[in-house]
**Student:** 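Pasting a structure below so you can have a look.
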Amino acid sequence: MGELTRLAVLLSGRGSNLVALAEACARGEVPAEIALAISNHPAAPGLERARERGIPVTAIAAKGLTREEHEAGVAAAIVAAGAEWVCLAGYMRLLSPAFVARFPQRIVNIHPALLPSFPGLEAQRQAWAYGVKLSGCTVHLVDAGCDSGPVVLQRTVPVLDDDTPETLAARILEQEHIAYPAALRMLLTRAWRLDGRRVVFD
Ligand code: GRF
């Protein structure tokens with residue numbers, strides 16, 4: 001077996017994508033291990049999900065710190081854990097250009113809409129309210145913008161007439177749990193490059 005890539009997962013809330021990633025790693029579908037889960041909220045349920053799985057966790061609250069100070073703490077924890085890749089999984093803070101530049105093309109995010117449509121908060125509700133008939137999720141490399149980096153993989157779901165934002169979000173979330181491990185597997189096991197902003201797998 002080859003060496004496992006060490007991942008840091010950054011989260012702010014529930015942690016279902018962390019669980020999906022951890023389970024895919026445990027099944028050997030993603031040649032990686034979660035070396036550390038980091039949250040900006042000490043009480044994030046996702047930290048408990050990580051602990052249950054024996055994943056080291058750390059909470060780095062942003063309160064009272066400048067963005068620079070907070071990010072310096074997060075970056076130091078990532079480096080200390082020996083993590084090479086950073087997976088954002090419901091991390092509700094925008095990363096500064098300086099932080100992104102520290103881990104070039106090694107930060108990924110999952111967004112619950114088909115980007116570039118509906119970036120930002122409450123993407124499922126935005127899509128529902130707009131009236132699109134298809135939505136889904138996007139795994140993308142992170143750049144200094146908000147949900148604006150190169151797309152790695154997308155999965156679609158139908159939007160049904162009797163959907164609420166909640167039923168749509170639940171349908172999308174099922175696909176997120178497939179998409180995130182699948183995208184990481186591709187990035188870690190296949191040769192790829194950026195052609196402009198297109199992620200191209202050789
Ligand atoms: C997901 O919908 C993800 O796409 C978005 O935040 C949510 C996090 O959910 N970025 P969870 O904490 O992984 O359950």
Side-chain angles (χ1 to χ4, degrees), residues 3-26 29-42 44 46-47 49-51 53-62 65 67-112 115 119-120 137-153 176-177 179-190 192-194 197 199:
E3 216 165 272
L4 297 176
T5 299
R6 292 173 73 79
L7 312 175
V9 176
L10 273 53
L11 58 86
S12 301
R14 183 175 54 181
S16 72
N17 279 288
L18 169 132
V19 170
L21 284 173
E23 289 180 349
C25 290
E29 291 166 13
V30 180
E33 60 185 329
I34 303 178
L36 182 63
I38 304 175
S39 179
N40 56 321
H41 294 312
L47 288 184
R49 301 286 87 75
R51 273 192 212 100
R53 285 167 178 76
I55 296 167
V57 306
T58 184
I60 305 176
L65 302 181
R67 183 153 82 143
E68 255 188 350
E69 289 166 346
H70 181 256
E71 287 190 344
V74 173
I78 292 168
V79 171
E84 299 146 87
W85 283 76
V86 178
C87 302
L88 309 184
Y91 190 61
M92 302 304 284
R93 287 176 64 88
L94 198 59
L95 298 171
S96 72
F99 184 95
V100 172
R102 271 195 83 160
F103 305 98
Q105 292 175 28
R106 291 291 180 276
I107 309 176
V108 277
N109 181 41
I110 185 151
H111 182 74
L115 292 171
C137 61
T138 303
V139 181
H140 64 93
L141 300 175
V142 171
D143 65 12
C146 176
D147 301 322
S148 57
V151 172
V152 179
L153 185 148
E176 294 186 40
H177 297 161
Y180 214 166
L184 264 179
R185 179 188 170 86
M186 288 167 73
L187 290 168
L188 297 180
T189 62
R190 293 173 59 180
W192 60 274
R193 64 196 155 83
L194 274 181
R197 52 166 297 127
V199 179

**Student:** If the condition is ring-ring contact (aromatic ring centres under 6.0 Å, His included), which residues does F103 pass it with, not counting sequence neighbours?
**Tutor:** F99
**Student:** Nearest 0.5 Å please: distance from the SG atom of C25 over to the CG atom of L4.
**Tutor:** 8.0 Å
**Student:** For A179 and I110, work out which heavy atoms get closest and say how close.
**Tutor:** CB-CD1, 4.5 Å
**Student:** Tell me, please, which residues at least two apart from E68 pass side chain to side chain contact (heavy atoms under 4.5 Å, CB included).
**Tutor:** T66
**Student:** What's the spacing between H177 NE2 and L18 CG if we round to 0.5 Å?
**Tutor:** 10.0 Å
**Student:** Measure the CZ-OG distance between R49 and S16 for me, rounded to the nearest 0.5 Å.
**Tutor:** 10.0 Å
**Student:** Measure the NE2-CD1 distance between H70 and I60 for me, rounded to the nearest 0.5 Å.
**Tutor:** 6.0 Å
**Student:** Just so I know, are the side chains of L88 and I107 near enough to count as touching, which here means a heavy-atom distance under 4.5 Å?
**Tutor:** yes
**Student:** Does any N or O in the side chain of R14 come within less than 3.5 Å of the main-chain N or O of G46, such that one atom is a donor and the other an acceptor?
**Tutor:** no
**Student:** Which residues satisfy the side chain to side chain contact (heavy atoms under 4.5 Å, CB included) test with R6, sequence neighbours excluded?
**Tutor:** E33, A35, E84
**Student:** Could you tell me if the side chain of L194 sits less than 4.5 Å from the side chain of L141, heavy atoms only?
**Tutor:** yes
**Student:** Got V100 and V142 here, is their nearest side-chain heavy-atom distance under 4.5 Å?
**Tutor:** yes
**Student:** Where do L188 and W85 land on the side-chain contact (heavy atoms from CB on, under 4.5 Å) test, with the steps shown first?
**Tutor:** CA-CA 10 Å; L188 297 180; W85 283 76; 3.5 Å; yes
**Student:** Go through the structure and list residues passing side chain to side chain contact (heavy atoms under 4.5 Å, CB included) with R102, not counting sequence neighbours.
**Tutor:** A75, V79
**Student:** Determine whether H140 and V108 make a side-chain contact, defined as any pair of heavy atoms from C-beta on separated by less than 4.5 Å.
**Tutor:** no
**Student:** Side chains of C87 and L21, heavy atoms from C-beta outward: is any pair under 4.5 Å?
**Tutor:** yes
**Student:** So, for I34 and P56, which heavy atoms are closest and what is the spacing to 0.1 Å?
**Tutor:** O-CD, 4.4 Å
**Student:** Which residues pass the side chain to side chain contact (heavy atoms under 4.5 Å, CB included) test with H41, not counting sequence neighbours?
**Tutor:** S12, S39, A44
**Student:** Is the shortest distance from a Lys or Arg side-chain nitrogen in R53 or E23 to a carboxylate oxygen in the other one below 4.0 Å?
**Tutor:** yes
**Student:** Hey, mind stepping through Y91 and V74 against side-chain contact (heavy atoms from CB on, under 4.5 Å) and telling me if it holds?
**Tutor:** CA-CA 12 Å; Y91 190 61; V74 173; 4.1 Å; yes
**Student:** Walk me through it: do I38 and V9 pass the test side-chain contact (heavy atoms from CB on, under 4.5 Å)?
**Tutor:** CA-CA 6 Å; I38 304 175; V9 176; over 6 Å; no
**Student:** Please report the C-alpha distance between H111 and C137 in whole Å, then the side-chain angles of each, then the deciding distance to 0.1 Å, and finally whether the side-chain contact (heavy atoms from CB on, under 4.5 Å) criterion is met.
**Tutor:** CA-CA 6 Å; H111 182 74; C137 61; over 6 Å; no
**Student:** Where do T189 and P31 come nearest, in terms of heavy atoms and distance?
**Tutor:** CG2-CG, 3.6 Å
**Student:** Kindly compute the distance separating CD1 (I78) from CG (L36), expressed to the nearest 0.5 Å.
**Tutor:** 8.0 Å
**Student:** Which heavy-atom pair separates L94 from E71 by the least distance, and what is that distance?
**Tutor:** O-OE2, 3.9 Å
**Student:** State, yes or no, whether a side-chain contact exists between L10 and V86 at a heavy-atom distance under 4.5 Å.
**Tutor:** yes
**Student:** Do you know the tightest heavy-atom contact between G149 and R197?
**Tutor:** O-NH2, 3.0 Å
**Student:** Is there any salt bridge (Lys or Arg N to Asp or Glu O under 4.0 Å) pair reaching into residues 138-150, and which pairs are they, with sequence neighbours excluded?
**Tutor:** none
**Student:** What closest approach, in Å, do G145 and S148 show between heavy atoms, and which atom pair accounts for it?
**Tutor:** CA-OG, 3.2 Å
